[in-house]
Amino acid sequence: MADISKEQVKHVAHLARLAVTEEEVEQLTKDLGAIIDYAEQLNELDTENVEPTTHVLEMKNVMRKDEARQWITQEEALKNAPDKKDGQFRVPSILTE
Amino acid sequence: MSLFDHSIKELEGKLHNKEITVQDLVEESYKRIKEVDGEVHAFLTLDEENARRQAKELDESPDTSASLFGMPQGIKDNIVTKGLRTTCASQFLDNFHDPLYDATVIQKLANEKPITIGKLNMDEFAMGSSNENSSYTPTRNPWNTDHVPGGSSGGSAAAVAAGEVLYSLGSDTGGSIRQPAAFCGVVGMKPTYGRVSRFGLVAFASSLDQIGPITRSVEDNARVLEVIAGHDKMDATSANVDVPKYTDALTNDVKGLKIAVPKEYLAEGVNPEVKEAVMNALNVYESLGATWEEVSLPHSKYAVATYYILSSSEASANLARFDGVRYGVRTENADNMIDMFKNSRSEGFGQEVKRRIMLGTFALSSGYYDAYYKKAQKVRTLIKNDFDKIFEEYDVVIGPTTPTPAFKVGEKIDDPLTMYANDILTIPVNLAGVPGISIPCGFSNEGLPIGLQVIGKHFDESTVYRTAHAFEQATDFHTKRPQLGGSN
């Protein structure tokens with residue numbers, strides 16, 4: 001089960017929106033395989049009747065009124081953007097021909 | 001002798017008596033930084049002009065009552081500071097010069113009028129245990145610059161140890177405050193999960209991350225945590241629990257204190273010098289009227305695997321926000337949106353960050369979620385239950401902070417699993433969400449500091465501080481200074 005293929009690594013890289021070179025695929029296949037192999041030790045434990053912990057504290061949904069308030073201006077929102085035009089973020093086209 | 005050999009309380013007295021000015025304190029910082037930071041590399045960004053202007057303003061102010069008035073502080077570079085560059089030591093944020101707001105901890109500190117000297121180096125996005133994952137020049141250990149300062153808050157610990165600032169803030173996801181504090185011979189506290197607001201802390205693993213202070217003394221540490229702790233409506237996971245006055249807990253009285261010492265924390269793999277220092281510390285506690293017994297945290301050995309699955313999974317989701325659209329660096333090589341995302345991220349992120357995003361994405365992906373992510377969450381429950389059980393009978397858990405003193409630069413960087421194993425004694429504390437502190441408790445034969453870890457119950461930082469303080473007052477390890485760049 002711990003075996004992870006190069007194809008899987010490429011698929012995961014796509015899901016993670018990372019571009020990887022063949023060399024990186026090679027290295028990541030090795031590294032992820034080793035880490036996942038190591039994580040297999042968790043299967044020594046019987047956790048059939050154990051509840052998963054998502055949060056250590058008793059958490060309830062925190063509700064608040066949905067009220068509009070001033071936070072940042074449009075100009076501020078754009079000031080760290082790598083590319084902008086007419087008061088908006090500019091990005092390359094999504095659809096390619 | 002440096003001004004920073006004094007406690008906050010002592011410096012406060014000197015300011016009141018007009019023996020020193022805030023400008024003296026700020027100049028002490030920048031002078032020391034110029035002397036030693038070429039070797040230590042603790043700082044990524046300095047805020048000299050602002051700091052000097054603020055110091056002058058404070059020196060002209062009639063009201064000096066704020067609890068951190070004029071104290072020079074350093075901030076880990078994953079805590080957002082309005083208008084002051086915040087990079088997370090990543091090339092992706094190299095150009096992030098103008099953050100729009102202050103993290104809640106920065107706002108809370110600002111009410112008490114300290115002076116921010118600059119932003120501190122770290123492992124990129126807080127992923128690492130040695131600072132070698134900084135995409136800038138990695139920080140070195142002030143006690144011996146051939147060695148790492150620890151990580152990920154390596155800059156925060158090294159800057160305090162080297163006398164560049166009086167105190168700093170770090171963040172701790174699996175040991176990132178306590179481990180560098182141990183390696184650099186300073187005091188580092190990871191508060192209870194939910195104690196300190198995470199609003200404005202660039203998220204790594206949201207169910208584990210906590211901000212905490214790094215200082216030279218327990219008293220200073222308690223004083224800074226008093227300021228930054230408390231409920232925040234901007235962080236839905238921050239706990240609505242009253243914050244006691246931690247400095248009132250420093251009574252120097254540990255008579256009758258019940259200490260648990262997990263046998264797993266002194267097992268094989270823990271360096272003999274570290275073990276000896278911890279045993280000596282237990283003798284000190286006995287002489288002060290506390291008692292200790294050996295206990296077991298049987299699931300400790302599963303903590304590292306559990307942690308890497310959970311923290312990487314959370315990181316893979318949290319780091320999805322770095323898309324090259326709203327801030328950060330965008331690739332110049334992309335004709336379409338998807339390639340823009342992919343190339344910006346691949347060019348901006350370092351190797352370890354990519355590795356963890358990949359691991360997390362894999363663990364969360366269809367077909368593997370139950371086998372890895374959910375399994376790890378279940379084991380997390382077992383690890384948390386271990387602590388709950390111990391704390392039914394004992395006041396604190398004590399052990400080493402790290403299995404070894406600071407290792408050498410380059411020693412572990414090529415093998416992720418060896419590097420990860422270094423956090424075996426700190427990770428369980430984050431998984432259980434309890435508070436833990438590291439304080440100096442000895443030196444190796446090579447002269448490198450050794451850290452003692454004191455772990456407490458949820459929201460019982462007071463007992464952790466009381467326990468740490470009593471040991472500190474009975475010993476002189478915290479008064480030792482690294483020999484660096486001449487005098488300190």
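Just so we're on the same page: letters track the sequence lines, and every chain starts at 1.
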Task: Under 4.5 Å from any heavy atom of chain B - which part of His11(A) - done: neither
Task: Per-residue contact mode, Leu28(A) against chain B (heavy atom under 4.5 angstrom) - done: side chain
Open item on the list: salt bridge (Lys or Arg N to Asp or Glu O under 4.0 Å), that's the test. Do Asp31(A) and Arg355(B) meet it? Break it down for me.
Closed with: CA-CA 8 Å; Asp31(A) 290 349; Arg355(B) 186 153 51 210; 2.7 Å; yes
- [ ] Taking salt bridge (Lys or Arg N to Asp or Glu O under 4.0 Å) as the test, write out the residues that go with Glu48(A), two or more places apart.
- [x] none
Task: Gly324(B) backbone acceptor or donor facing Arg330(B) side chain under 3.5 Å - done: yes
Task: Most chain A-contacting option - heavy-atom pairs closer than 4.5 Å, from His299(B), His97(B), Met337(B), Lys354(B) - done: Met337(B)
Task: Region of Leu359(B) that comes under 4.5 Å of a non-hydrogen atom in chain A - done: both
Open item on the list: Just checking Lys82(B): does its NZ atom have more than 12 heavy atoms from other residues, nucleotides or ligands closer to it than 6.0 angstrom?
Closed with: no
- [ ] Could you look at Leu208(B) and say if it's the side chain, the backbone, both or neither that has a heavy atom under 4.5 Å from chain A?
- [x] neither
- [ ] Please look at Ser365(B) and chain A and tell me whether the side chain, the backbone, both or neither of the residue comes under 4.5 angstrom of a heavy atom of that chain.
- [x] side chain
Open item on the list: Between Gln210(B) (side chain only) and Thr173(B) (backbone N and O only), is there a donor and an acceptor less than 3.5 Å apart?
Closed with: no
Task: Polar contact flag, side-chain donor to acceptor under 3.5 angstrom, Thr306(B)-Arg380(B) - done: no
Open item on the list: Looking only at heavy atoms and a cut-off of under 4.5 Å, which of Ala13(A), Ala16(A), Ala39(A), Ala77(A) has the most pairs with chain B?
Closed with: Ala16(A)
Open item on the list: Tyr38(A) vs Tyr420(B), test: ring pair (Phe, Tyr, Trp, His ring centres under 6.0 Å). Steps then yes/no.
Closed with: CA-CA 11 Å; Tyr38(A) 177 71; Tyr420(B) 298 172; 8.3 Å; no
Open item on the list: Heavy-atom pairs under 4.5 Å with chain A - which of Met340(B), Lys374(B), Lys375(B), Lys233(B) has more of them than the others?
Closed with: Lys375(B)
- [ ] Pick whichever of Arg64(A), Lys79(A), His55(A), Arg17(A) has the most heavy-atom pairs under 4.5 Å with chain B.
- [x] Arg17(A)
Task: Region of His458(B) in contact with chain A, defined by heavy-atom distances below 4.5 Å - done: side chain
- [ ] Name the option with the most non-hydrogen atom pairs under 4.5 Å to chain B; the candidates are Ile72(A), Leu57(A), Val62(A), Leu15(A).
- [x] Leu57(A)
Open item on the list: Taking the ring centre of each residue, are Phe92(B) and Phe322(B) less than 6.0 Å apart?
Closed with: yes
Task: chain A contact via Lys384(B) - which portion, at a heavy-atom distance below 4.5 Å - done: side chain
- [ ] Heavy-atom distances under 4.5 Å only: say whether Ala376(B) touches chain A with side chain, backbone, both or neither.
- [x] both
Task: Per-residue contact mode, Met358(B) against chain A (heavy atom under 4.5 angstrom) - done: both
TODO: Would you check if there is a donor-acceptor pair between the side chains of Thr86(B) and Thr81(B) at a distance under 3.5 Å?
DONE: yes
Open item on the list: Could you check whether any side-chain heavy atom of Thr331(B) comes within less than 4.5 Å of a side-chain heavy atom of Lys342(B), counting everything from C-beta outward?
Closed with: no
Open item on the list: Quick check on Glu76(A) against chain B: is it the side chain, the backbone, both or neither that has a heavy atom closer than 4.5 Å?
Closed with: both
Task: Residue selection (most heavy-atom pairs with chain A, distance under 4.5 Å) from Tyr327(B), Tyr302(B), Phe341(B) - done: Tyr302(B)
Open item on the list: Under 4.5 Å from any heavy atom of chain A, what part of Glu347(B) do you find: side chain, backbone, both or neither?
Closed with: neither
- [ ] Give, as side chain, backbone, both or neither, the part of Ser312(B) having an atom under 4.5 angstrom from any heavy atom of chain A.
- [x] neither
Task: Contact class of Arg90(A) relative to chain B, heavy atoms under 4.5 angstrom - done: backbone
- [ ] Please determine, among Ile338(B), Leu310(B), Thr361(B), the option with the most heavy-atom pairs under 4.5 Å with chain A.
- [x] Thr361(B)
Task: Working for salt bridge (Lys or Arg N to Asp or Glu O under 4.0 Å), residues Lys378(B) and Glu51(A) - done: CA-CA 6 Å; Lys378(B) 288 179 165 201; Glu51(A) 285 295 313; over 6 Å; no
Open item on the list: Before you tell me yes or no, could you show the steps for Arg356(B) and Glu352(B) under salt bridge (Lys or Arg N to Asp or Glu O under 4.0 Å), namely the whole-Å CA-CA distance, both residues' side-chain angles and the distance that decides it to 0.1 Å?
Closed with: CA-CA 6 Å; Arg356(B) 297 209 201 182; Glu352(B) 180 64 20; 2.7 Å; yes
Open item on the list: Please classify the contact between Ser344(B) and chain A as side chain, backbone, both or neither, with a heavy-atom cut-off of under 4.5 Å.
Closed with: neither
TODO: Look at the side chain of Thr426(B) and the backbone N and O of Gly174(B), then say whether any donor-acceptor pair between them is shorter than 3.5 Å.
DONE: yes
Open item on the list: I'd like to know which of Ala81(A), Ala34(A), Pro52(A) tops the heavy-atom pair count under 4.5 Å against chain B.
Closed with: Pro52(A)
Task: Atom group of Tyr373(B) that falls short of 4.5 Å from chain A, counting heavy atoms - done: neither
Task: Pairs flagged by salt bridge (Lys or Arg N to Asp or Glu O under 4.0 Å) wherever residues 297-324 of chain B is involved - sequence neighbours left out - done: Glu44(A)-Lys301(B), Asp323(B)-Arg326(B)
